[in-house]
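Scroll down for the structure; my scribbles are underneath it.
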Amino acid sequence: MSQNTLERRSSSIDAQLRLLAPAKVSEDDKLVEYDALLVDSFLDTLQSLHGEDLRETVQECYEISAKYEGSGDINMLDELGNMLMGLDPGDSILVAGSFSHMLNLGNLAEEVQIAHRRRNKLKKGDFVDESNATTESDIEETLKRLVEKLHRSPEQVFDALKNQTVDLVFTAHPTQSIRRSLLQKHSRIRNCLTQLTAKDITSDDHHELDEALQREIQAAFRTDEIRRTQPTPQDEMRAGMSYFHETIWKGVPKFLRRVDTALKNIGIKERVPYNAPLIQFSSWMGGDRDGNPRVTPDATRDVCLLARMIAATLYYSQIEDLMFELSMWRCTDELRIQANVLHRSTRKDAKHYIEFWKQIPPNEPYRVILGDVRDKLYNTREHSRQLLANGTSDISEELTFTNVEQLLEPLELCYRSLCSCGDRPIADGSLLDFLRQVSTFGLSLVRLDIRQESDRHTDVLDSITNHLGIGSYRDWSEEKRQEWLLQELRGKRPLFGPDLPQTEEIADVLQTFHVLAELPSDSFGAYIISMATAPSDVLAVELLQRECHVKEPLRVVPLFEKLQDLDAAPAAVARLFSIDWYMNRINGKQEVMLGYSDSGKDAGRLSAAWQLYKAQEELVKVAKQYGVKLTMFHGRGGTVGRGGGPTHLAILSQPPETIQGSFRVTIQGEVIEQSFGEEHLCFRTLQRFTAATLEHGMHPPVSPKPEWRALMDEMAIVATEEYRSIVFKEPRFVEYFRLATPETEYGRMNIGSRPSKRKPSGGIESLRAIPWIFAWTQTRFHLPVWLGFGAAFKHVLQKDIRNLQTLKEMYKEWPFFRVTIDLVEMVFAKGDPGIAAVYDKLLVSKELLPFGERLRANYEETKGLLLQVAGHRDLLEGDPYLKQRLRLRHAYITTLNVCQACTLKRMRDPSFNVNVKPHLQKNLDHCSPAADLVKLNPTSEYAPGLEDTLILTMKGIAAGIRNTG
């Protein structure tokens, strides 16, 4: 490393430390140092590739942004805008790409720093989390607290733990804005940085790692960040499943071993049973067809077969290691008999293993058993591969594993034999890990949920009843629908044949049910009905499953989304439970999904959060009344506007008795990478969910006092009215929204297979919650999150000033209210109305400018009232680490915000004149992005460079805010 580079890095660190001075963090914090190291390595790369002028341009943009962040002087934004407007198309792309890249590097520095702090705290024996003691607890800390402070017996804790289930459901429709090829490069950068900052590194190692870091940073920068084609559901599934291969597959047994250790430390000598359902995984990738025409029956079939092929491949690779490990000869008679039977077999069905079988000595019986398992796993993989490629397979199912019990049986036989022969320590090694993996992942790797809108089922049934000549199902009352559905469910006659008139949409629904009947039942999880409102919605799916000969029907889960539906959900579920046929069908278990996204879009975050809380309470009462065990499925997004937030707090703030050892939640979009992108992230994620679910069940949060409920009810009414009066009733709001944000350009990012709207026309009501949140996140105004809070607080404080003390009491004592306020406070810390004003200034018509000013005044008033309720002088005053991380990111994000606003101006107003600075024009000819613009995006309707620049700013801001929807 040159002396000039070292001096630059030292200077950069000092500059950033001055910027971050107000945030007081511990002496062992290395975030600024790590960030500067990565960023300066990148700037060296930028200079070597594109010259010193471009490096100076990037550094000057950063310095202006940093000055704005430090002073709040909006003149700095004008200066920055003038500078960015003077860039030619090639340099504009490079500057946007540079800041996007630096933000990704900053995120990697954060992850390495979190791991560094964790290691230091472990060495000191301190409590470990990443902000403060209220946000997270590891599994051992939770078990000890339950036993020592809450006086639960170790046996009670063990019994609750081994019987609880957390089901993490991977979804793709919320935007994963970073390409998978880049994520892999980021992983290597993270590893280089971790090794480079180790204390015991030699000078030679340092030199080699520094070269490797520079190489990986350049490779990432040279990789096109922009998806040039829209991903298919199969692409999304492959991306999601790659996390299993990279971290989750080995992370699950590693985590369960840590649970064993934690149990041992509270006096439990047993291990968690290998078949205990602590962690389960499901997916919506390729199954979520609600409003997504690209999720076809063929796509669903493909992703199921692909998942089975991936699972068999992972098992096949791992069992070879297990075979070499279990070379011992002592075994039970039961196992030896089975081994002798297999050894004498001619193995005609496995010609590729004949030589292998000949080489197994007869005194290595475990290898004989496991060799047969490996043989069948090979066939299982090939069977799925052939079906995926050709639709048929020449491998008989008799030579494969068709259900997980067939795979578990020989493994259990080996485990029992080892334990009986005094080799339990060996049995509790790799074999136990393998058993736990099989129990967790099965043959399908993940179970695929199917989601479809209730109206699509109504269309099918309407076609059937019209064809039968008994009327229009669509026009029937709810009572008549239920009566007819139950009559058919209790009968045996087929409802339709091949002569049923079918539109393309009806055929799609029926073909999906035929796929459910065709594939192994363990490929599927739940059938989710979006926009569910009545019992007939559930009974319709039950009838269609029977008519399409689904041998093991999927459990049917109504999804209640909008405020009105959430309010009516308890009554709808009670009516469903009052039906004898249905109660016999569900065997005392029911799952209900709660939608955080559309409820927030419908009424704002405050009202939606309170309605979700109350709906859960009432649903639990209904379930108790009918003796049903209820599982809540939480459809949370990544951003606060869609129910996102810290996992531990989110779980512990749920109403009492609503989890009870069973918790299901979506892990969406970029949150998958943040939760499972690296080994330590995977471990922490599994730990958080398990510990919080256990703690909620054994030490439920307090219920709100009557006066708290009354105040929340009153505030929710005011908040809803304020929110809807602006979003739905203000005549020109939609016009303002589409001018002041990049919402209309959102669909160009190719970041998901799902259209941004449920219907091609319409206003806010037709827009999906993801782009609705995404657009406001890009401008750092976050309107859907905070709008309504200020009006609600102002109303109750003006009514009675004593309500302020009640609100402070609620914040201090009620987890739900505290989490709600803290999350909005975090959003304010990420927001900046000054940046939103830049968008207004450049993009909004003059007559709408006062409207934007009123909204920004509302923002500031709401922020002040929120701090007053929380008793805080400044945003995030109790979380210096997060405050520091945000300060570090904001200087990078600000440049991207101004660049985005300027680019939108150029795109929307072609007559807008731009004077390119002469000394920057030279880069147009030699920078590869500019030279290849027409080739990369020949269909763009905009001037060369603009569309790519816009997409890069969107990606960069998403990386910096760490929420893309």
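F793 contributes atom CZ, which lies 6.0 Å from atom CG of L807 (distance to the nearest 0.5 angstrom). Within the model, atoms CG of L612 and CZ of F560 stand 12.5 Å from one another, a figure rounded to the nearest 0.5 Å. Taken from CG in D78 to NZ in K841, the straight-line distance is 3.5 Å, to the nearest 0.5 Å. With rounding to the nearest 0.5 Å, the separation of OH in Y839 from CG in N897 is 4.0 Å. Taken from OG1 in T741 to CZ in F781, the straight-line distance is 11.5 Å, to the nearest 0.5 Å.
In this structure a side-chain-to-backbone donor-acceptor pair under 3.5 Å is missing from E743 to R738. R152 places a side-chain N or O within 3.5 Å of a backbone atom of M698 that can act as its donor or acceptor partner. Judged purely by atom type and a 3.5 angstrom limit, Q778 uses its side chain to pair as donor or acceptor with the backbone of M954. In this structure a side-chain-to-backbone donor-acceptor pair under 3.5 Å is missing from R802 to D800. Formation of a donor-acceptor pair under 3.5 Å by the S607 side chain with backbone atoms of A716 is found in this model. Although no hydrogens or angles enter the test, the distance criterion places a donor-acceptor pair under 3.5 Å between the side chain of S71 and the main chain of D73. A donor-acceptor pair is defined here as one N or O able to donate and one able to accept, closer than 3.5 Å; such a pair exists between the side chain of D602 and the backbone of L563.
Using modelled atom types and a 3.5 Å distance limit, the side chains of T894 and S65 yield no donor-acceptor pair. Q654 and H696 share no donor-acceptor pair across their side chains, judged by distance under 3.5 Å alone. Checked by atom type, the side-chain pair W786/N858 shows no donor-acceptor distance below 3.5 Å.
With a 6.0 Å radius and a threshold of 12 heavy atoms from other residues, nucleotides or ligands, E860 has its CD atom above the threshold. More than 12 heavy atoms of other residues, nucleotides or ligands shown are found within 6.0 angstrom of CD on E847. With a 6.0 Å radius and a threshold of 12 heavy atoms from other residues, nucleotides or ligands, H872 has its NE2 atom above the threshold. Counting heavy atoms of neighbouring residues, nucleotides and ligands inside a 6.0 Å radius, atom CD1 of I74 does not exceed 12 of them.
Between R780 and I961 the shortest side-chain heavy-atom distance falls below 4.5 Å. Residues L787 and W776 form no side-chain contact, since every pair of their non-hydrogen atoms from C-beta on lies 4.5 Å or further apart. K705 is listed as a side-chain neighbour of E813, based on a closest heavy-atom distance under 4.5 Å. Counting heavy atoms from C-beta on, the side chains of H782 and T777 come closer than 4.5 Å. In this structure, the side chains of L867 and F828 stay at 4.5 Å or more apart for every pair of heavy atoms.
Across all non-hydrogen atoms, the minimal contact from Q164 to T690 is NE2-O, 3.1 Å. When all heavy atoms of E722 and G788 are compared, the closest pair comes out as CG-CA, 3.9 Å. Annotation for L103 and G956: closest pair CD1-O, 3.2 Å, computed over non-hydrogen atoms. Taking every heavy atom of both residues into account, D874 and E825 meet most closely at O-OE2, 3.9 Å.
The aromatic rings of F733 and Y736 sit tilted relative to each other, their planes meeting at an angle between 30° and 60°.
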**OP:** Show the numbers, then the answer: is there a ring pair (Phe, Tyr, Trp, His ring centres under 6.0 Å) between H634 and F663?
**Re:** CA-CA 8 Å; H634 298 263; F663 186 73; 5.0 Å; yes
Original post:
Should F789 and L865 be marked as a side-chain contact (heavy atoms from CB on, under 4.5 Å) after you check the CA-CA gap, both sets of side-chain angles, and the distance that decides it?
Top reply: CA-CA 9 Å; F789 274 86; L865 289 166; over 6 Å; no
Subject >> Test ring pair (Phe, Tyr, Trp, His ring centres under 6.0 Å) applied to Y613 and W814, step by step >> reply: CA-CA 13 Å; Y613 189 96; W814 187 15; 5.7 Å; yes
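Applying salt bridge (charged side-chain N to carboxylate O under 4.0 Å, His left out) to E695 and the options R145, R688, K149 leaves one that passes, R145.
Checked for salt-bridge contact, K729 and E721 meet the test: a charged N lies under 4.0 Å from a carboxylate O.
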